Colleague: 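This is the structure I want to talk about, given as structure tokens.
Every value quoted in this text rests on a predicted model; they were computed, and no experiment measured them. Throughout, a chain's letter reflects where its sequence line sits, starting with A, and its residues are numbered from 1.
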Protein chains: 2
Amino acid sequence: MSERVYTREQVTLEAVARHARVSRQTISNALNAPHRLAPDTLARAKQAIDSLGYRPNQAARSLRTSSSQLIGFRIEPTRDGINGAVLDRFLHALCEAADRHGYNVLLFAAADDAKEIEGYDDLLRRRAVDGFALAGTHPGDARTAWLAERGLPFITFGRPWGERRASHAWVDVDGAAGTAAAVDHLVEQGHRRIAFLGWPAGSGVGDDRHSGWLRAVRAHQLPTRGLAARGEDGVTTGHALATRLFQQSSPPTGLVCASDSLALGAMGAVTDRGLAAGEDVGVVGFDDTPVAVAVSPGLSSVRQPVEQAAVTLVELLAERLADATVAPAEKLIAPDLIVRPSSTRSTPSLVPSS
Amino acid sequence: MSERVYTREQVTLEAVARHARVSRQTISNALNAPHRLAPDTLARAKQAIDSLGYRPNQAARSLRTSSSQLIGFRIEPTRDGINGAVLDRFLHALCEAADRHGYNVLLFAAADDAKEIEGYDDLLRRRAVDGFALAGTHPGDARTAWLAERGLPFITFGRPWGERRASHAWVDVDGAAGTAAAVDHLVEQGHRRIAFLGWPAGSGVGDDRHSGWLRAVRAHQLPTRGLAARGEDGVTTGHALATRLFQQSSPPTGLVCASDSLALGAMGAVTDRGLAAGEDVGVVGFDDTPVAVAVSPGLSSVRQPVEQAAVTLVELLAERLADATVAPAEKLIAPDLIVRPSSTRSTPSLVPSS
DNA sequence: GGCCGTGTTCTGAACGATCAAATCGGCCAT
DNA sequence: ATGGCCGATTTGATCGTTCAGAACACGGCC
């Protein structure tokens with residue numbers, strides 16, 4: 001890129017064409033269909049584009065091609081499903097992935113699901129976006145139903161919970177595989193009684209994580225009875241649930257948690273009993289939030305590869321936007337277990353008496 | 001709004017005009033300059049607009065008016081300054097505020113400050129955005145310098161740290177007022193030795209929060225010597241710094257922290273010494289992150305009114321976009337101290353022996 | 001009756017790009 | 001020499017809106 005002077009006036013195709021002594025269309029082709037140009041013409045065109053710092057006016061291009069190159073995303077006021085730090089990572093990744101496909105992300109707010117649908121309607125009618133990315137699907141989701149009915153282009157980060165047959169394309173992280181991996185890891189560390197701390201039934205995401213624990217514990221032929229504790233998300237809940245589990249006649253030595261908040265509380269409960277997280281009781285959280293690194297001992301946690309999810313989502317959406325007839329794809333991505341001291345023993349071979 | 005059928009084809013001004021038996025421009029005026037129309041014509045136009053579900057094509061409007069009605073915002077991969085949960089709240093508020101002014105938010109990613117500047121350049125050349133919102137300014141910020149030099153429309157959430165005279169318009173939260181309020185509150189609770197846990201010097205935001213503590217403690221004629229501890233942000237650091245403070249001959253009974261992470265670690269250190277946070281040692285965090293509510297006892301924390309900051313930011317930006325000659329404004333917003341058990345005593349009158 | 005002002009509505013042009021079709025020039029086969 | 005073909009380039013039309021100015025209708029006033 002040669003030095004370019006910044007000017008407030010728009011550099012138009014016309015101006016670049018004059019500068020290169022060719023026609024408008026030739027400059028347009030240099031950018032959109034370079035194979036059509038003779039090598040030297042292309043070089044001359046590119047040189048002119050570069051030296052004037054030309055970028056096509058997005059509005060003009062959108063008007064003519066009727067595509068805004070924008071992906072709509074509704075940002076929600078921190079709810080369950082995808083939360084806080086994870087949402088940040090996802091959004092960032094979404095923007096990057098979109099960028100690589102020549103898109104930008106248009107953010108909009110809406111107070112509730114109904115308003116959100118109005119938002120979709122408005123943006124589409126204004127032709128302000130080409131399609132949508134949705135995060136945090138939930139059972140009986142009115143938004144996906146509305147979009148799917150009309151055959152609009154959108155991909156969700158999150159499965160269509162509770163539908164027999166997927167009504168739309170989606171990308172999701174296999175939460176069950178995550179909790180199952182956590183169980184496997186704890187078994188490897190010598191634990192036999194492995195409990196689950198999760199959210200109340202009915203939340204899709206929470207049930208999924210619970211099912212992974214159940215499946216893995218059964219696969220290892222370990223006990224499950226009385227080892228699943230559930231409550232609203234939060235550090236306090238984690239503390240309370242773990243404390244209750246420890247009061248059993250044969251308390252668990254492994255704790256798989258549906259969130260880092262629950263895990264953080266559980267670690268507190270471990271310490272309260274004079275035990276050491278990691279050495280005596282293995283604790284694994286979920287989502288690998290910043291606290292997991294910051295806490296001591298470091299908290300093992302299941303990390304959602306949201307970057308990969310975002311990349312896949314954008315790929316699917318771009319494909320759908322290029323060709324409206326593609327079949328709705330479904331992609332399940334396996335999460336990564338990040339192992340830290342909270343679940344590792346200095347001597348893993350030593351099996352504790354239960 | 002009457003029932004409207006969703007169609008994939010664009011409803012144009014032309015179509016609405018035919019339907020209402022008026023000309024294009026009349027419909028346009030019905031939306032943009034209703035005062036120009038005779039009451040009955042306006043009614044007829046509105047009826048036609050409504051029954052066809054017409055919304056002006058954004059691209060066409062942008063092309064003609066050369067304004068995209070988009071505010072650019074670069075999302076950063078979690079850094080210091082504005083972080084995680086706070087960023088979410090800010091983004092959400094930004095979208096809502098933008099919406100009220102008829103704008104949407106365009107999100108884009110950039111790996112570093114240099115790439116970010118390229119991003120600004122690109123978006124402006126493409127006329128894809130009208131202006132920018134920036135969050136997380138830092139001393140010697142190349143981005144704001146670049147934008148300011150060219151007189152481009154942007155407002156930052158964050159002061160121009162380390163500049164003698166502000167080179168651009170900004171909105172910020174008065175962190176010093178926040179830590180000062182925390183000190184006042186702890187004094188009210190009967191504490192006399194009040195320490196500060198913060199980040200290493202040089203971070204603008206961190207120094208600001210430190211200065212508020214210093215100012216307030218001095219105003220109360222309380223000791224400061226050996227009571228400021230600094231280290232990288234994190235729960236572990238908070239624990240270590242607090243522990244060190246407690247080992248002094250006359251340890252502090254009040255802790256004002258630059259972040260909830262530090263405060264969380266400090267609370268752990270309090271418990272480790274067999275003391276009770278709240279009753280024996282008052283702890284106050286910063287940013288009122290979700291953990292502050294979730295932890296036990298609940299952590300008092302200084303809450304940044306980012307919603308208000310976003311509203312103000314958008315107002316300033318909208319003003320600037322409407323009239324390029326307005327003087328750059330500077331708005332400092334006072335934060336709120338959220339008091340929870342971690343800093344309150346059942347008997348505040350009882351002054352502890354120091 | 002003609003003129004003027006005011007309020008309302010309509011017409012043509014423009015924003016800056018891409019699409020579709022026309023044009024140009026060179027080359028080869030007839 | 002002529003026609004056909006092909007690749008490279010240009011021309012005119014178009015996307016849907018807003019702007020600027022023209023046209024129109026209606027009263028009031030001299």
Colleague: Starting from P on D:dG16, measure out to CD on B:Glu9 and report it in whole angstrom.
Modeller: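 Taking atom P of D:dG16 as the reference, CD of B:Glu9 is at 11 Å.
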
Colleague: Counting distance only, does the side-chain N/O of A:Thr312 pair as donor-acceptor with the main-chain N or O of A:Gln308 below 3.5 Å?
Modeller: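 Judged by distance alone, yes, a pair lies under 3.5 Å.
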
Colleague: What's the spacing between A:Lys46 NZ and A:Ile27 CD1 if we round to 0.5 Å?
Modeller: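 Reported to 0.5 Å precision, the distance equals 11.5 Å.
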
Colleague: Determine to 10° how strongly the helix from C:dG1-D:dC30 to C:dT30-D:dA1 is bent, judged from the axes of its five-pair ends.
Modeller: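 End-to-end axis angle for the helix from C:dG1-D:dC30 to C:dT30-D:dA1: 70°, rounded to 10°.
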
Colleague: Are side-chain N/O atoms of B:Asn29 and B:Arg24 paired as donor and acceptor at under 3.5 Å?
Modeller: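 Judged by distance alone, the side chains do not pair up.
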
Colleague: If you measure only the distance, is there a donor-acceptor pair under 3.5 Å linking the side chains of A:Asp113 and A:His138?
Modeller: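 There is such a pair between these side chains.
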
Colleague: Tell me the interatomic distance from B:Arg36, atom CZ, to D:dC24, atom P, rounded to whole angstroms.
Modeller: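 Going from CZ in B:Arg36 over to P in D:dC24 covers 20 Å.
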
Colleague: Describe the nucleic acid contact of A:Thr41 in one word from base, sugar-phosphate, nothing, applying a heavy-atom distance below 4.0 Å.
Modeller: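 Sugar-phosphate contact only.
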
Colleague: Does a nitrogen or oxygen in the side chain of B:Thr26 sit under 4.0 Å from OP1 or OP2 of C:dC10?
Modeller: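 So the side chain of B:Thr26 is within the cut-off, an N or O lying under 4.0 Å from OP1 or OP2 of C:dC10.
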
Colleague: For A:Trp146, is there any backbone N or O sitting under 3.5 Å from a side-chain donor or acceptor partner on A:Arg150?
Modeller: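 Checked: pair present.
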
Colleague: Going by atom types alone, do B:Glu163 and B:Ser167 pair a side-chain donor with an acceptor below 3.5 Å?
Modeller: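 There is such a pair (donor and acceptor under 3.5 Å, judged by atom type) between the side chains of B:Glu163 and B:Ser167.
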
Colleague: Starting at atom CZ of A:Arg127, determine the distance to atom C1' of D:dT17, rounded to an integer number of angstrom.
Modeller: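 To the nearest whole Å, that distance equals 14 Å.
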
Colleague: Between A:Phe108 and A:Tyr120, is the ring centre distance below 6.0 Å?
Modeller: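 Yes, the ring centres sit under 6.0 Å apart.
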
Colleague: Indicate for each nucleotide in nucleotides 15-24 of chain C, in 5' to 3' sequence, whether protein heavy atoms under 4.0 Å reach the base (B), only the sugar-phosphate (S), or nothing (-).
Modeller: BBBBB-----

Colleague: Centroid-to-centroid, B:Phe90 to B:Phe157, below 6.0 Å?
Modeller: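 Ring-ring flag for B:Phe90/B:Phe157: true, centres closer than 6.0 Å.
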
